Amino acid sequence: FSDFPNNWSSAALKSAIENGLLTGSGDKINPSGNLTRAEMAAIVNRAFGATEMASLAGYSDVSAQAWYYSDMAKAVQMGTFQGADGKLNPTGAITREEAFTVLARAFGLEDGSNSALNAFSDSDTVSDWARGSVAALVAGRYVSGANGKLNPKSSITRAEFAQVMYTLVGDYISQAQTVSQVNSGNVVIRTAGATLSNTTVSGDLILADGIGEGDVTLDGVTVKGRLLVRGGGPNSVHITNSNVEDGVVLENPNGDTRIVTSDSTVGTISVESGLILDGDADRIELMQAVDVTVQSGTVGEMTVADTAEKAVITVADGAEVTQINVQADGVQIGGKGKVESVQAEADDIAVTTPNTEVTAAEGTSGVTAGGKAVEAGQVGKINASGTGAKVTDADRDDNKGNSGGSSHRPGGSHNDDDEDENDDDEDEVEQNVHKVDSWQTLKQAIQNAEAGDIIRLTKDITDAGAQTTVVDGVSSATL
């Protein structure tokens, strides 16, 4: 390139050209030219090997005949470009804060703290919608500004953007081969069939969009940062004898991803897209309304954030999850696998896994265990088939340790000598609690009560009249 510079940007531009991010035009690379939104979309697409395209029917300013049409469609599919008011503004110069926001989305960076911007004299000019992303890049030392300023509203040149990408990515793996040595920093794998073997990634490892539904294998790999999974399909990511120190972030915009772990430590898996897990994980955090299947292995804890309404969790036969905490409405938990306990802290949670203990927190409604209602403050223990449950009050003391303990058993009398034996017997009887507040609900509860159940009056019943014969025959339930 006749205009290739010999300055601070030379190494970054060389890397961008060698890795296919910048192609130039004719014999010009145009390092000082301002980057347009379409040009940036194309560069990020190339960096991640993106091929899938979204519909642009909702945008009015992208012509199907324009050179950038496919790149804008890929960027929208990646989730890096969102536009505003039905427009993507592809030919407009991209501002620095817009560029940093795109990169934060692409690299799955969590919003940074406002305090990260305090060192810059113009931090107050960063738009509210961009502050988290800009702060994330500053905190990660990917962006340092110039002369104490971030210049968020200024355009960004091709050389400046190449420099940011140079700090963000230390190495690209673009061939279906086994790689045992990588440069320091973040590493991007952007093709299927690649194997990373017996090496250490000093930063994050990004499994990029270009993997598609193909396979990637990590064998004997230590990742000092995060494993960001943006590519892969139903047979895809194999992690063997490896250690991911800062956990896994699953953000595949193109579909579900199967992650297979063997003799590995992956920490927390943060789930933003569909997951099929074969293997062990310490913790899963479900952040969006997607399907999660634990196909095999053991998960210590799963948390369903309030942003994951109507998510579906399946634990297959032979798999195990110790505990699931649900904070989102409408979540379904099923399968033939083992789930020891579910803490339902939201409404309309349905659990059908066998032998699971389901606790409905105070203030919740619509919680079911094996198809049976679990009211707020109650615990349901699902049966072995997952089709029913015994429901008790969460704070029930099983009638132990008080003088009236065994007198609740119909026809029974209390004998101190037999206290331990009686208590043991009661421990073996799981009780349904039927709460009633009217004559009608009392009649219904009596019809449904089974031996050992409790019928609890929540207030005085005053509407019975002379209709008392319905109480006859309640011999095995405590009223």
Side-chain angles (χ1 to χ4, degrees), residues 9 12-13 16 21-22 30-48 50 53-54 56 58-63 66-114 116-117 120-147 149-169 206 209 230 251 253:
S9 67
L13 284 167
L21 276 61
L22 291 177
N30 193 20
S32 59
N34 289 333
L35 205 62
T36 68
R37 290 172 58 84
E39 288 171 339
M40 179 167 177
I43 293 171
V44 175
N45 293 342
R46 295 166 191 161
F48 283 73
M53 294 189 291
L56 299 184
Y59 300 98
S60 61
D61 61 344
V62 185
S63 169
W67 71 264
Y68 48 74
Y69 181 87
S70 63
D71 276 310
M72 298 309 298
K74 292 174 186 177
V76 171
Q77 179 65 23
M78 283 186 69
T80 52
F81 278 68
Q82 298 173 355
D85 301 322
K87 295 184 177 182
L88 286 168
N89 190 22
T91 59
I94 195 165
T95 66
R96 290 170 61 83
E97 65 180 1
E98 288 173 341
F100 299 158
T101 299
V102 167
L103 290 175
R105 292 170 183 163
F107 286 87
L109 302 179
E110 291 186 0
D111 284 353
S113 169
N114 276 332
L117 306 179
F120 302 95
S121 61
D122 59 349
S123 62
D124 59 339
T125 65
V126 179
S127 299
D128 289 342
W129 53 264
R131 295 188 73 83
S133 297
V134 176
L137 267 75
V138 170
R141 299 184 178 180
Y142 303 124
V143 172
S144 57
N147 301 317
K149 292 185 176 183
L150 283 167
N151 300 310
K153 301 294 194 293
S154 298
S155 301
I156 187 168
T157 67
R158 290 163 61 85
E160 288 169 341
F161 187 69
Q163 183 63 43
V164 176
M165 290 298 295
Y166 192 52
T167 60
L168 269 166
V169 183
I206 296 95
D209 306 52
R230 292 186 53 95
E251 291 185 1

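Since this is a predicted model, take the numbers as computed values, not measurements. As a basis for the values below, the full set of heavy atoms in this structure was taken, side chains included, without hydrogen atoms, waters or symmetry mates. Along the sequence shown, residues carry numbers from 1.
Here the CE-CG distance, from Met165 to Leu103, works out to 6.0 Å after rounding to the nearest 0.5 Å. Here the CD1 atom belonging to Ile94 is positioned 9.5 Å from the CD1 atom belonging to Ile43, to the nearest 0.5 angstrom. Between the CZ atom in Arg230 and the CD1 atom in Ile206 there is a gap of 10.0 Å [rounded to 0.5 Å]. Note that CZ of Arg141 is 14.5 Å distant from CG of Leu168, once rounded to the nearest 0.5 Å. Taken from CD in Glu160 to OG in Ser9, the straight-line distance is 9.0 Å, to the nearest 0.5 Å. Taken to the nearest 0.5 Å, the CG atom of Asn34 stands 13.5 Å off from the CE atom of Met40.
Taking each heavy atom of Asp122 and Asn151 in turn, the nearest pair found is OD2-N, 2.8 Å. Listed here is the closest heavy atom pair of Ala93 and Glu98: O-OE1, 4.2 Å. For Arg46 against Leu21, the heavy-atom pair with the smallest separation is NH1-O, 2.7 Å. A pairwise comparison of heavy atoms in Glu97 and Thr125 identifies OE1-O, 4.4 Å as the closest pair. Minimum interatomic distance between Ser32 and Thr157 (heavy atoms only, all atoms of both residues): O-CG2, 3.6 Å. Among all heavy-atom pairs drawn from Asn89 and Arg37, the shortest one is O-CD, 3.0 Å.
Residues satisfying the salt bridge (Lys or Arg N to Asp or Glu O under 4.0 Å) test with Glu251, not counting sequence neighbours, are none.
Heavy-atom neighbours of Tyr166 OH from other residues, nucleotides or ligands within 6.0 Å: at or below the threshold of 12. Residue Asp85 places its CG atom among 12 or fewer non-hydrogen atoms of other residues, nucleotides or ligands, all under 6.0 Å distant. Counted within 6.0 Å of NZ on Lys153, heavy atoms from surrounding residues, nucleotides or ligands total more than 12; the atom is thus considered enclosed.
Put simply, the side chain of Asp71 never gets that close to the backbone of Ala41: no donor and acceptor are under 3.5 Å apart. In this structure, the side chain of Thr167 engages the main chain of Val164 through a donor-acceptor pair within 3.5 Å.
Counting heavy atoms from C-beta outward, Ser121 and Lys149 have side chains that approach closer than 4.5 Å. You'll find the side chain of Asp61 reaches within 4.5 Å of the side chain of Pro90, heavy atoms only. By the 4.5 Å heavy-atom criterion applied to side chains, Val134 and Pro152 are not counted as neighbours. Between Thr91 and Tyr68 there is a side-chain heavy-atom pair separated by less than 4.5 Å.
Partner of Arg131 under the side-chain contact (heavy atoms from CB on, under 4.5 Å) criterion, chosen from Val126, Thr101, Asp111: Val126.
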Please set out all donor-acceptor pairs under 3.5 angstrom arising from side-chain atoms of residues 75-83, sequence neighbours excluded.
unit_1, atom_1, unit_2, atom_2, d
Gln77, NE2, Pro253, O, 3.1
Gln77, NE2, Asn254, OD1, 2.9
Thr80, OG1, Ala75, O, 3.1
Gln82, OE1, Arg105, NH2, 3.4

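Pairs of residues two or more places apart, or lying in two chains, that qualify as ring pair (Phe, Tyr, Trp, His ring centres under 6.0 Å) and include a residue from residues 92-113 are Phe48-Phe107.
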